[in-house]
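In what follows, a single structure is set out as structure tokens and then discussed.
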Amino acid sequence: MSYVEFSTISKHFGNSVAVADLDLQIEQGEFFSLLGPSGCGKSTTLRMLAGFVKPTTGTIHVNGRDVTALPPEARDIGIVFQNYAIFPHMTVFDNIAFGLVERKLPRGEIKQKVDAALAEVGMTGFEGRYERELSGGQKQRVALARVLVIEPEILLLDEPLSALDKKMREEMKFWIKNIQRSVGITTIYVTHDQSEALTMSDRIAVMDQGRVLQIGTPVEIYEQPASRFIAEFIGESNLLNGIVSAVDGAVCSIRIGNATVTGRLTQNNSVSQDQDVALLVRPEMIRLHALDADEQPKLTGTVSETIYQGSVVRYRIQIADQDLMVEIANRPDLPRLDMTDEVAVFWDAESGVVMP
Amino acid sequence: MERKIPLPMLVLAILGFCYLLFPILVVVLAGLTTGEFLTFPPKGLSLRWVISFLNSEKYLSAFFFSFKLALMTMVVSTILGTAAALFLARSRFVGRAALRAFFLSPVVLPGVVVGFALYAFFIASGMGISRTIWGLWIGHILYSTPYVIGTVGASLATFDVSLEEAARSLGASPMRAFRKITFPNIAQGIQAGSIFAFIVSFGQFEVSLFLSAPNSEPLPIAMYNSLRYKFEPDAAAAGIFAITLVIASVLLTNRLVNIRRLLERQDG
Ligand SMILES: Nc1ncnc2c1ncn2[C@@H]1O[C@H](COP(=O)(O)OP(=O)(O)OP(=O)(O)O)[C@@H](O)[C@H]1O
Ligand SMILES: [Mg+2]
């Protein structure tokens with residue numbers, strides 16, 4: 001049995017279904033993300049694990065123990081909220097000490113543990129401050145210290161970065177991941193930001209409308225998305241419409257206009273001859289050549305827009321009636337293209353993913 | 001920092017204040033008259049009727065009866081009102097808005113209706129509490145509790161429930177989480193509500209008219225009964241004491257609330 005197990009968990013609010021038939025297995029020490037658009041049931045899932053929401057059906061096990069009916073205080077789970085929920089009438093010290101006081105630890109030990117926690121999150125010297133005297137990033141650190149100091153079995157984070165500005169967000173992303181790694185705590189992270197999920201997670205569950213669509217490592221989710229929805233939700237994607245002209249195991253030939261390109265099938269997807277499909281190609285996987293190159297191009301197009309972004313140059317390529325975004329590293333050995341240039345379009349066979 | 005208020009608004013505001021405060025001034029000055037009768041403007045100023053009030057068995061006992069009744073009402077209204085406000089804020093069910101309106105209805109209904117309804121109910125039900133302090137107490141609680149529900153409800157509306165959830169998952173039982181987290185954050189609303197309940201009960205007239213016993217009357221009823229037969233200024237003197245009590249309790253609450261704020265700031 002896994003460390004955390006959701007078995008056929010669902011949650012209904014009146015007639016609306018927030019979470020449906022959810023099965024999740026999370027391993028000890030894992031950094032697991034729930035990723036999905038707003039309202040897909042991420043927070044509800046997290047709150048069922050924390051004990052704030054009672055599941056309509058199903059059971060939750062943590063470390064072999066059925067916690068489904070336990071109140072939050074009996075679960076040994078730490079949660080960091082989106083708004084941090086720092087107790088406004090208490091100092092930073094009393095905030096962090098709260099869980100230890102509830103556990104009736106002797107005062108000397110509490111002081112020692114709080115000091116250690118403050119040092120761990122880099123907030124030594126702030127113990128006398130109140131919530132209103134802290135910046136967003138500092139509140140974040142206090143909220144994390146308050147949870148880590150009780151050494152819970154599981155750490156839950158519900159969109160902890162969404163209240164911070166972009167620069168802080170980048171910084172805290174790595175900081176949280178580092179703390180998590182050094183403490184080694186099983187962590188479930190809720191976000192609707194795919195870059196956070198890709199950067200931090202060991203595994204990601206992509207959710208939509210209360211259901212898990214795919215579970216996998218960041219590489220699997222990004223490179224072998226199970227559906228068009230996931231492909232479009234995670235990262236930037238080109239979905240080219242075409243028709244299957246041949247299937248050979250997991251490799252398919254796809255006809256796009258007059259050209260035939262190859263792509264592969266992922267997950268449990270299957271297609272048949274002459275089926276309309278979409279071919280997913282990430283912008284950075286595509287190579288472009290001026291049309292007078294020696295290679296025999298399969299696919300050709302016209303540059304309809306160039307966007308210079310410093311480290312990369314982006315091109316919009318018109319292929320018949322379809323658009324393709326291409327991202328090329330800004331290096332002297334790669335060709336620089338202009339509007340209306342005719343180009344040949346290439347990608348490696350495994351970079352094209354066929355989506356039924 | 002300085003905010004310019006347009007002149008017409010300022011004039012209107014001052015006129016409004018004068019209009020509201022004038023009756024109080026009338027009562028205070030009338031109570032300080034040297035004359036035999038309740039008149040305005042007063043005939044000269046003296047403490048004659050204030051002293052008469054302090055020596056009047058009838059008024060003093062009414063004053064302390066009202067004070068006792070208001071305290072008793074305050075205690076129960078504060079507890080009931082806080083509980084009701086918590087329930088209304090935390091539960092989700094169809095008809096919650098209707099229940100809220102029902103809880104607040106005693107304030108909107110004419111006091112005469114509430115008073116008469118209770119009187120009729122106490123008589124008809126044969127509970128034996130019509131025209132006793134217990135029946136009067138119930139009437140006052142009914143009338144004051146909505147104010148507590150209102151103020152506590154307002155402070156709960158700005159209270160972030162995730163604070164309570166954070167406390168729970170840090171190991172606090174529901175009671176502990178309420179006592180250590182929710183209560184301190186809504187304490188100002190509870191305090192304001194209880195002072196409201198006290199003042200409302202102390203000044204209550206219509207409900208008292210139906211429910212008070214002839215030998216133990218609250219101050220407003222005593223003043224009314226006295227003024228019906230003789231137009232003596234000691235009623236106004238009693239009014240001075242009532243006004244003083246109300247102002248004192250408001251100032252006291254303000255002080256308490258501000259002192260707490262001040263302490264928090266200095267600590268940090
Ligand atoms: N207490 C509740 N009562 C009724 N409906 C609720 C409640 N909590 C959540 N829902 C509904 O359940 C669905 C899932 O909500 P949830 O908060 O889990 O979404 P989420 O994925 O966390 O979204 P977001 O990214 O916006 O936070 C939504 O449609 C929401 O309206
Ligand atoms: Mg959410």
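Letters go in sequence order (proteins before strands), and every chain restarts at 1.
The number of heavy-atom neighbours closer than 6.0 Å to CD of Gln209(A), taken from other residues, nucleotides and ligands shown, is 12 or below. Sparse packing is recorded around CE of Met9(B), with 12 or fewer heavy atoms of other residues, nucleotides or ligands lying under 6.0 Å away. More than 12 heavy atoms of other residues, nucleotides or ligands sit less than 6.0 Å from atom OH of Tyr3(A). Within 6.0 Å of the CZ atom in Arg107(A), the count of heavy atoms belonging to other residues, nucleotides or ligands does not exceed 12. Heavy-atom contacts from other residues, nucleotides or ligands closer than 6.0 Å to CZ of Phe52(A) number more than 12.
Ranking Arg75(A), Gln82(A), Arg47(A) against chain B, the residue ahead of the rest is Arg47(A), based on heavy-atom pairs under 4.5 Å. The choice from Lys180(B), Glu164(B), Glu165(B) that makes the most heavy-atom pairs within less than 4.5 Å of chain A is Glu165(B). Across Arg146(A), Glu102(A), Arg103(A), the residue that shares the most heavy-atom pairs under 4.5 angstrom with chain B is Glu102(A).
Residues Val147(A) and Leu170(B) approach most closely at CA-CD2, 4.4 Å, considering heavy atoms. Contact record, Glu73(A) with Ala172(B): CB-O, 3.4 Å, taken as the closest heavy-atom pair. For Leu163(B) against Phe87(A), the heavy-atom pair with the smallest separation is O-CE2, 3.2 Å.
For the atom pair CD1 (Ile86(A)) and OG (Ser162(B)), the distance works out to 10.0 Å, reported to the nearest 0.5 Å. Interatomic distance, CD1 of Ile79(A) versus OG of Ser169(B), reported as 6.0 Å (0.5 Å rounding).
No part of Ala177(B) comes within reach of chain A, as not one of its non-hydrogen atoms sits under 4.5 angstrom from that chain. For a residue to count as touching a neighbouring chain, one of its non-hydrogen atoms must lie under 4.5 Å from one of that chain's; by this rule Arg168(B) touches chain A with backbone and side chain alike. For chain B, the nearby part of Asn83(A) is the side chain; its heavy atoms alone come within less than 4.5 Å. Only the side chain of Phe81(A) comes within contact range of chain B, judged by heavy atoms closer than 4.5 Å.
His89(A) places no side-chain N or O within donor-acceptor distance of the main-chain N or O of Thr182(B), the cut-off being under 3.5 Å.
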